[in-house]
Enquirer: 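I am attaching a structure below and will ask some questions about it afterwards.
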Amino acid sequence: MIISTIDDLLTVAKGAEGLTFQEIDTTERLLSRKNKGGLGQVIEESLFGYEVNSSSEADFSELGVELKVTPVKINKSGSVSAKERLVLNIINYMEEVNFSFETSSFWKKNKQLLIMFYLWEAEKNRNDYTILKSVLLTYPEDDLEIIKNDWTVIVEKIKNGSAEDISEGDTMYLGACTKGANRNSLRAQPFSEVPAMQRAFSLKQSYMTTFVRQHLDEHRIVSFTNKHELRSKSLEEILIEKFSPYINLSLKEISQSIGYTITPTNKATVANMISTILGIRGTKLDDIEEFSKANIKFKTIRLEKNGIPREHMSFENVDFDRWVIDSFEESQFYNRFEQTKFLFVVFQFNETHSENPLRTPYFKKVLLWNMPESIIQTELKKMWLEGRKVLEEGVQLTPTKRGISNNLPKAKDNLVTHIRPKARNAEDKVALPDGQLITKQAYWLNKEYIAEIVNN
DNA sequence: GCATGATCATGC
DNA sequence: GCATGATCATGC
């Protein structure tokens, strides 16, 4: 079939739905060797019949459409997710700064994407993966406003001579992910002598997951903003504005003001408060479009009178097996902090706990935060390296009067993060790589670091 | 007084 | 039954 319109393109792509790569491949490319991008090449050559290229033009340049073949996975819960971020073109730091968004390399090549989703299955050979669905991605106008802003954030960092501090977490939907075999894949940047890690524009995994769910699951999500608002304000500014009327109010006062009944025992109280203030009452936070696409997770922070939280902030349990196998860039910690933005909902007490244990916290502010790349590469990595060494040498478990102590990195060992137990009780244990059992541990952000972020 | 080990409460 | 957010508690 001669492809002269986007409809033709979609017709051909949709004809492959339900087929495996093996069934499509006419070149025996898949049998030859395990070359990366091989699945995309099969589609280019055998389905569309054109030569593989790495031009800066879009694949179907006359139609302005770029072809992407990308995996989805089925979660334990049965829901579907993008298996990875969608990697677009490599950023040429020297050149991108000379462009506007409209003339940028990103926009030139990725204005419209023909996305072919296939199902990744751990136990299967990649030849046998099945094409699920093909969809033309054109960015909705609201998304495009956010993406423009993201592009600007990335380019501003290059202009400031700090391309080496770019992190995927800096932006909402359009990320700049590391690309290259290792940390030696460095590139020059125009306003600094420091070589920066090679990065590519990418659509975040969370953005792709939201997109996949809309098209494969018909999953419904709700937005709290719109393109008009987004033309003049960033997402963060909009959030701050929406929360500003409630500053210095208690949760009870806020609930009265927004007409929402709080049940003190309800764990989701603050989450409900957020969705109500955003004008989408009853929506789970994960179903808020902007939170879902940008992978924004909310955390409540309660500051003491002195501006420091009483407790450190916990995250998920540590996977000790991964810790000794993964590289830092593959690690649980790197991925959590590189890929997540946090919406901190900050309350503060006016009295100390000893003055009044039943004191009320007052709402202070919201802020969007992601861990800066400079911290990820220093303190976070330091903790990871130290913990890994302890695991490789064998964790020393020492019975004391207050339980069993260990020599994993402690709060005093690091300015930012540490390891501490989080379990049902001391008997709730997991196996370490060497077979010893340890009370389940989580990683935490130090409360002093939280204070620094919040009070910047 | 605080660091660090222990554990509670809720929701899925 | 387990993950997660939150908080307790005591030896140093």
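Since this is a predicted model, take the numbers as computed values, not measurements. Order of the sequence lines fixes the chain letters, A, B, ..., with proteins taken first and strands second; residue numbering starts at 1 for each chain.
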Enquirer: List in chain and number order the residues that pass salt bridge (charged side-chain N to carboxylate O under 4.0 Å, His left out) with A:E290, two or more places apart in sequence or in another chain; answer none if no residue qualifies.
Expert: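 For A:E290, no residue satisfies salt bridge (charged side-chain N to carboxylate O under 4.0 Å, His left out) once neighbours in sequence are set aside.
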Enquirer: Identify, with sequence neighbours excluded, every residue that meets salt bridge (charged side-chain N to carboxylate O under 4.0 Å, His left out) alongside A:R359.
Expert: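 Listed in chain order: A:E304.
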Enquirer: Base, sugar-phosphate or nothing for A:T300? Non-hydrogen atoms, less than 4.0 Å.
Expert: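 Here A:T300 touches the backbone only, sparing every base.
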Enquirer: Can you pull out every side chain to side chain donor-acceptor pair (under 3.5 Å) where at least one residue sits in residues 276-289 of chain A? Sequence neighbours excluded, please.
Expert: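 As it turns out, the side chain to side chain donor-acceptor pair (under 3.5 Å) pairs with a partner in residues 276-289 of chain A, which skip direct neighbours, are A:H219-A:D287, A:E289-A:K293.
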Enquirer: Tell me, please, which residues at least two apart from A:K148 pass side chain to side chain contact (heavy atoms under 4.5 Å, CB included).
Expert: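 With sequence neighbours excluded, A:K148 shows a side chain to side chain contact (heavy atoms under 4.5 Å, CB included) to A:F101, A:E102, A:L144, A:E145, given in chain and number order.
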Enquirer: Please collect all salt bridge (Lys or Arg N to Asp or Glu O under 4.0 Å) contacts where either partner lies in residues 425-441 of chain A, sequence neighbours excluded, each pair once.
Expert: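 Listed by first then second residue: A:D428-A:K440.
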Enquirer: Going 5' to 3' on DNA chain C, which nucleotide is the first and which the last to come under 4.0 Å of a heavy atom in chain A?
Expert: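 From 5' to 3', the first and last contacting nucleotides are C:dA3 to C:dG11.
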Enquirer: Which pairs pass ring pair (Phe, Tyr, Trp, His ring centres under 6.0 Å) with one or both residues in residues 283-303 of chain A, sequence neighbours excluded?
Expert: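 Matches after skipping sequence neighbours: A:F224-A:F291.
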Enquirer: Which residue, A:E311 or A:K299, contacts DNA chain C at a nucleotide closer to its 5' end, judged by nearest heavy atom?
Expert: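 Final value for this comparison: A:K299.
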Enquirer: Does A:K284 or A:H312 map to a spot on DNA chain B nearer the 5' end, using the closest nucleotide for each?
Expert: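 Mapping each residue to its closest nucleotide by heavy atoms, the 5'-most match is A:H312.
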Enquirer: Going by atom types alone, do A:E311 and A:W444 pair a side-chain donor with an acceptor below 3.5 Å?
Expert: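 Not at all, the side chains of A:E311 and A:W444 share no donor-acceptor pair under 3.5 Å.
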Enquirer: Suppose we screen for salt bridge (charged side-chain N to carboxylate O under 4.0 Å, His left out). Which residues come up paired with A:K305, at least two apart in sequence or across chains?
Expert: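 Per chain and number, A:K305 pairs via salt bridge (charged side-chain N to carboxylate O under 4.0 Å, His left out) with A:E355.
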Enquirer: Assess the side chains of A:S234 and A:N149: does a donor N or O sit below 3.5 Å from an acceptor N or O?
Expert: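 Side chains of A:S234 and A:N149: no pair found under 3.5 Å.
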Enquirer: Heavy-atom contacts under 4.0 Å between residues 403-417 of chain A and DNA chain B, which residues?
Expert: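 The answer is A:G403, A:I404, A:S405, A:N406, A:K410, A:A411, A:K412.
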Enquirer: Under 4.0 Å, heavy atom to any atom of DNA chain B: which of residues 338-371 of chain A qualify?
Expert: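 None - not one residue of the stretch has a heavy atom sitting under 4.0 Å from the strand.
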Enquirer: Please verify the inter-ring angle class for A:F315 with A:Y443; under 30° counts as parallel, over 60° as perpendicular, anything in between as tilted.
Expert: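 The rings of A:F315 and A:Y443 lie parallel, inter-plane angle below 30°.
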Enquirer: Side-chain polar contacts of residues 388-399 of chain A - donor-acceptor pairs under 3.5 angstrom, sequence neighbours left out - could you list them?
Expert:
residue : atom : partner : partner atom : Å
A:R388  : NH1  : A:W323  : O            : 3.2
A:R388  : NH1  : A:D326  : O            : 2.6

Enquirer: Would you kindly compare A:S314 and A:R424 by the position of their nearest DNA chain C nucleotide and give the one closer to the 5′ end?
Expert: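 Nearest-nucleotide comparison on DNA chain C picks A:R424.
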Enquirer: Among residues 426-442 of chain A, which contact DNA chain B at a heavy-atom distance under 4.0 Å?
Expert: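 Under 4.0 Å from DNA chain B: A:A426, A:T439.
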Enquirer: Looking only at side-chain N and O atoms, does A:H418 offer a donor or acceptor that is under 3.5 Å from a partner on A:N446?
Expert: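 Yes.
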Enquirer: Considering only NZ, NE, NH1 and NH2 on the basic side and carboxylate oxygens on the acidic side, decide whether A:K297 and A:E316 come within less than 4.0 Å.
Expert: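 No, this pair does not count.
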